[in-house]
Amino acid sequence: MTRIAITGAAGRMGKTLIEAVALNEQAELTAAIERPDSSLIGSDSGELAGLGKNGVAVVADINDVINDFDVLIDFTAPVATVSNAQACQAASKKMVIGTTGFNDQQQQDFDSFIQGIAVCKATNFSTGVNLCFKLSALAAEILGGEDYDIEIYEAHHRHKVDAPSGTALSLGEAVAKPLGRNLKDCAIYGREGQTGARDRNTIGFATARGGDVVGDHTVSFMADGERVEITHKASSRMSFARGAVRAAVWLQSQQAGLYDMQDVLGLK
Ligand code: NAD
């Protein structure tokens with residue numbers, strides 16, 4: 001049995017993760033954490049997730065429960081995740097990370113704090129999206145970058161704070177790699193005004209925000225005479241939460257290192 005702690009327990013993903021742990025027979029929830037200024041500190045995490053009491057109270061400090069879990073699942077914000085990585089490294093705890101939107105400095109700090117521990121980090125934990133990463137790379141390899149213009153569209157709910165989504169960026173990396181391109185050099189994150197004709201070597205991104213959209217992504221390969229589109233539409237956060245709990249159970253028997261959901265699914 002994998003003992004799991006969930007941080008950001010009152011968040012959209014946190015509550016869904018509490019439910020997903022309850023549904024997984026190989027996992028048990030043994031700790032729940034929220035930001036110190038949350039009004040929900042002290043409340044029962046099962047009730048928070050609408051499941052009825054589970055006896056695991058929400059705490060404000062990861063160090064108060066650091067000996068109570070094997071794997072921390074963290075879908076919060078970059079600043080919180082970097083600090084949690086420091087705490088987990090000091091206590092040799094494993095981590096599953098779903099947080100997106102790290103800037104370069106946060107990514108650098110995170111990379112140093114996870115040295116020596118086992119971490120599974122993915123911009124998307126759904127099986128369907130991980131299949132789309134593979135399909136998009138295959139499409140780029142077969143279609144090539146000479147005749148096909150590549151654009152990535154994504155849509156999310158109005159509360160999402162980072163753009164483009166981490167998943168859209170991962171799709172960009174998946175298609176850039178087989179084309180021998182570096183996404184940082186070829187990504188176009190918005191167009192306005194007199195942009196000039198499209199540079200074939202670019203990969204364009206378009207973002208929409210609104211309503212309660214859980215997450216839509218399309219990679220489009222456009223040539224003269226045809227268009228290939230690879231689309232994923234999430235209709236429930238449970239697809240991400242189930243994958244993250246599966247990753248936590250898998251991670252328990254792994255050595256120190258940085259893994260992603262492709263490792264968990266055996267897609268590499
Ligand atoms: P949310 O705002 O609903 O939840 C975030 C929660 O984290 C909040 O409850 C907040 O209070 C809490 N939090 C912030 N700082 C904290 C701290 N220091 N300690 C403890 N808790 C803290 O957001 P969400 O929609 O649940 O998304 C959270 C993150 O997960 C985002 O970065 C989002 O992009 C990402 N996400 C990833 C995937 C994936 O599959 N990888 C899927 C969905 C969302």
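Both ligands and their constituent atoms are indexed starting at 1 by order of listing. All figures in this text were calculated on a predicted structure; none of them were measured in a lab.
- Of the residues listed (D162, T123, N124), the one engaging T100 in a side-chain hydrogen bond (donor to acceptor under 3.5 Å, both in side chains) is D162, and it is the only one.
- The distance from atom CD of Q86 to atom OG1 of T81, rounded to the nearest 0.5 Å, is 13.0 Å.
- Between T123 and ligand 1, at least one N/O pair is under 3.5 Å apart.
- Of the N or O atoms in M13, one or more lie within a sub-3.5 Å distance of an N or O in ligand 1.
- Where the criterion is an N or O separation shorter than 3.5 Å, residue side chain and backbone included, G11 meets it with respect to ligand 1.
- Checking only distances, G98 does come within under 3.5 Å of ligand 1, N or O to N or O.
- Between A122 and ligand 1, an N or O atom pair is found at a separation short of 3.5 Å.
- Among F102, F75, F125, the residue whose heavy atom lies closest to atom 38 (C) of ligand 1 is F75.
- Protein heavy atom closest to atom 14 (C) of ligand 1, with residue, atom name and distance, is R35 NH1, 3.8 Å.
- Residue contacts with ligand 1, taken as heavy atom pairs separated by less than 4.0 Å, involve T100 via backbone and side-chain atoms alike.
- How far NZ of K15 is from CZ of R237: 10.0 Å, rounded to the nearest 0.5 Å.
- Looking only at protein heavy atoms, the nearest one to atom 29 (C) of ligand 1 is T76 O, 3.3 Å.
- Taking all heavy atoms of E34, H157, R12, K160 into account, the minimum distance to atom 9 (O) of ligand 1 is reached by E34.
- Residue contacts with ligand 1 include A10, since one of its heavy atoms falls under 4.0 Å from the ligand.
- Near T99, meaning under 4.0 Å from one of its heavy atoms, ligand 1 places the atoms 32 (O).
- The CZ atom of F205 lies 9.0 Å from the CD atom of E151; values are rounded to the nearest 0.5 Å.
- Each of Q105, Q107, Q106 was evaluated against D109; a single residue qualifies, Q105, per the side-chain hydrogen bond (donor to acceptor under 3.5 Å, both in side chains) test.
- No salt bridge links K184 with E173; every basic N to acidic carboxylate O contact stays at or beyond 4.0 Å.
- The single protein non-hydrogen atom nearest to atom 42 (C) of ligand 1 is F240 CD1, 3.5 Å, given as residue, atom name and distance.
- Separation of atoms OG1 (T202) and CD1 (I188) is listed at 5.0 Å; rounding is to 0.5 Å.
- Rounding to the nearest 0.5 angstrom, the gap separating the NE2 atom in H232 from the OG atom in S136 is 11.5 Å.
- Given atom 15 (N) of ligand 1, the protein heavy atom at minimum distance is A80 CB, 3.7 Å.
- Remark: D185 CG is packed, more than 12 non-hydrogen atoms of other residues, nucleotides or ligands lying under 6.0 Å away.
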